[in-house]
Amino acid sequence: MFEAFVSAARILGDPTAWGIMLIGSAAGIAIGILPGLGAMTTVALLLPFVWKTPPQIGLILLLAICAGAMVSGCITGILLSVVGEESSVVSIIDGHPMTVRGEGARAVGAGLSSSLIGAVLAVGMAFVMIPIVRPLVMVFKSSELFLLGLLGISFIAVLIERSVIKGVVSGGLGILIGLMGFHPLTGVDRFAFGSLFLYGGFNLAVVLIGLFGLSEMFDLVLKGQTRISKIEIASTRMKDVFKGTMDCIRRPGLLLRSAIIGYVVGVIPATGMMVAQWVAYGQARQTSKTPEQFGKGCVEGVIAPECSKSAVLAGALLTTLALGIPGSAIMALFLGAFMMVGVTPGPMLMLQHLDLVFLLLLGIAASSVISFVICYAAAGQLCKIVFAPTDFLYPLILALILSASYATTGQMWDVVVVIFAGMFGLFMDRFGYSRPALCLGFVLGKLLEYYFLTAFKIGGPLFFLTPLSLCILAVMVALLVYPYTKNLRRRLRRA
Amino acid sequence: MNGSLIFSSVLLLIFAAVIARSLTFGYWESTLFPLLIGGLCFVLLAIELCRELLAKNRAASEEQPGIQTGGSSFTNLMAWVSAFAVGIYLIGFLIATVIFVFSYLKLRGRGWWVSAATSVTTIIVLYCIFKFGLDLDLYGGLISQLIMGNENY
């Protein structure tokens, strides 16, 4: 194992490798910062380039692009509340209110720093966990994976919205929207109504752009807000960005817990970044001295999800390499890249090409450092975007969002979908429904159904009666019931 | 009837339609999961609607939530967005963007030069990002397709 590590470090020590990572990180940042385009879209577009490069170089390049896009995605999310994919959704909840309050630079500094720390911690954990990851992952069967997905949705339903029922319903609606299209097992047209466009279901990026980005823009215009930041003298100085970094350094416990959560969730197949971010957000709120500030612009609400988000990548990469099972949607793309360059993920890879595994893990850490430096240096200038009058921002972002929606699949119907998603997101937000729960349900929909049907076929209707499943179910029930018992206890105390 | 109740009622109808449609799929593998989710959400939302109706009756004098506007009206906003989308469909992204950005800024009280410069800058940025940066074609419009036989730029 030590020889494999030294071999990987030697490859990474080559200036060419750093040049590749610099180019990849810069490309990832440039595209990831654009409202509407995120890491997944960027990686998908650049997959063909991997074919033309040596395996190590191509894979490092893809990882650098992914790291850059994920790091920079938080900037537009925090400043403009516009995201391109799942990786920056949770940070908006507290990051954007901080921007509105005039602390956008601090929020960006906290997001970037926690993202870097999460990536480095997770890579360290991956090195330690390599010998024991396989038995841990194999413990989770279909029933546990199904319940874990429902638990993730329950977390959101309880933590964010005042009405638990509306939160759960939002998650259920997201699942149903995710099921649209043909059923992979039977080929039945479900809710597509014979439309070829709907046969493949809605595009994830298009739905997310509309639900979060466009609806926020609509909201700004309807409120007649002239700028994103209501505070005239909003902070854009490096000093304020550095305040965010100090916020991270003063919370080592939160960083470590969030990184562990992100890593562990990343290791479990197909739970993805969203679940990790929400669980990290939930634990940050529970352990915070000021939990009532969450949702209103609390810096811990930015630190926890950003740290766990970066940690997911290392955990998901390990599962993908060790088992050949993608740990997240973006890892599914990486799986394709591995096959393209002749690398077959699985236990044999861990035995015969451990140096490649170490190289990729070190590549994540190194790319995160490069991306952090670039974004950090430019953060003060990037924050000035909040001074731009809404009159200019709105048509620009609308044009960019509609163009990006068309560009994802080349179909005009996606433009219609993104507008409709924007309107729907606006109504959901105004009437107390949970857009994040809908988003998570949509992302996990087909996967949850697959796990459900597999568990049902193996274990029958009582498939959830395994010890681990019962534990997850108990946590979920307790989570959903807790807000009502809290109200009941309060009423009893008053009486 | 306030906006929240209308929206919740629409969702309730959607879940009812999901349940009805799920029963026509033919295979239990296709039917079971959407039926369970749709059924659960229908029941929960029905409970929530009843709670909202009861709360509304108790506090009938309170101001009801809706789409509050201090700026543009909702109709105005949707008219702009729909016109832009139709414009994209007919004349393509770049031309529609120029017209939309220019008209929007001009009608919001910005000067001729600022509106023109912003609209031209927008399409240059879009073109550079998508055509040169990502090598993706932008939709050229139905009219362009009819005249030149090519639907993309």
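Chain letters run A, B, ... following the sequence lines, proteins first and then strands; every chain starts at 1. In this text the structure is predicted, and so the values were computed from the model without any measurement.
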Qualifying salt bridge (charged side-chain N to carboxylate O under 4.0 Å, His left out) pairs, either residue in residues 395-414 of chain A, two or more places apart: none
Neighbour count above 12 (heavy atom, 6.0 Å) for Phe420(A) CZ: no
Parallel, tilted or perpendicular: rings of Phe74(B) and Phe427(A) (30°, 60°): tilted
From Leu396(A) atom CG to Phe100(B) atom CZ, the distance as rounded to the nearest 0.5 Å: 9.5 Å
Within-4.5 Å side-chain heavy-atom neighbours: Arg51(B) and Ile165(A): yes
Phe456(A) ring center near Trp28(B) ring center (under 6.0 Å): yes
Atom group of Phe218(A) that falls short of 4.5 Å from chain B, counting heavy atoms: both
Selection from Phe25(B), Tyr27(B), Phe15(B) maximising heavy-atom pairs under 4.5 Å formed with chain A: Phe25(B)
CZ-OG distance between Arg190(A) and Ser22(B), expressed to the nearest 0.5 angstrom: 8.0 Å
Tyr450(A) atom OH, neighbour heavy-atom count above 12 within 6.0 Å: no
Options Ile175(A), Val415(A), Leu176(A), ranked by heavy-atom pairs under 4.5 Å with chain B, top entry: Leu176(A)
Straight-line distance of Thr97(B) OG1 to Leu402(A) CG, nearest 0.5 Å: 8.0 Å
Atom group of Leu11(B) that falls short of 4.5 Å from chain A, counting heavy atoms: side chain
Minimum side-chain heavy-atom gap Pro395(A)-Phe84(B) below 4.5 Å: no
Residues Ile88(B), Tyr406(A); criterion side-chain contact (heavy atoms from CB on, under 4.5 Å); working and verdict: CA-CA 10 Å; Ile88(B) 289 171; Tyr406(A) 175 78; over 6 Å; no
Toward chain B, the part of Met428(A) with a non-hydrogen atom under 4.5 Å: both
NZ on Lys166(A) to CG on Leu44(B), rounded to 0.5 Å: 13.0 Å
Non-hydrogen atoms of Val169(A) and Cys41(B) that approach each other most closely: CG2-O, 3.9 Å
Heavy atoms from other residues, nucleotides or ligands near OH of Tyr89(B) exceed 12 (cutoff 6.0 Å): no
Set of side chain to side chain donor-acceptor pair (under 3.5 Å) partners for Trp80(B), sequence neighbours left out: Asn76(B)
Side chain to side chain, Leu77(B) and Leu222(A), heavy atoms closer than 4.5 Å: yes
Of all pairs that satisfy salt bridge (charged side-chain N to carboxylate O under 4.0 Å, His left out), the ones with a partner from residues 8-29 of chain B, not counting sequence neighbours: Lys457(A)-Glu29(B)
Residues Arg430(A), Phe7(B); criterion side-chain contact (heavy atoms from CB on, under 4.5 Å); working and verdict: CA-CA 10 Å; Arg430(A) 293 294 179 100; Phe7(B) 188 71; over 6 Å; no
Gap between atom OG1 of Thr122(B) and atom CG of Leu398(A) - 0.5 Å precision: 11.0 Å
Spacing of CG belonging to Leu45(B) relative to OG belonging to Ser170(A), to within rounding of 0.5 Å: 9.0 Å
Residues Ser8(B) and Tyr433(A): side-chain donor-acceptor under 3.5 angstrom: yes
Close approach to chain A in residues 30-40 of chain B, criterion heavy atom under 4.5 Å: Ser30(B), Leu32(B), Phe33(B), Pro34(B), Leu36(B), Ile37(B), Gly38(B)
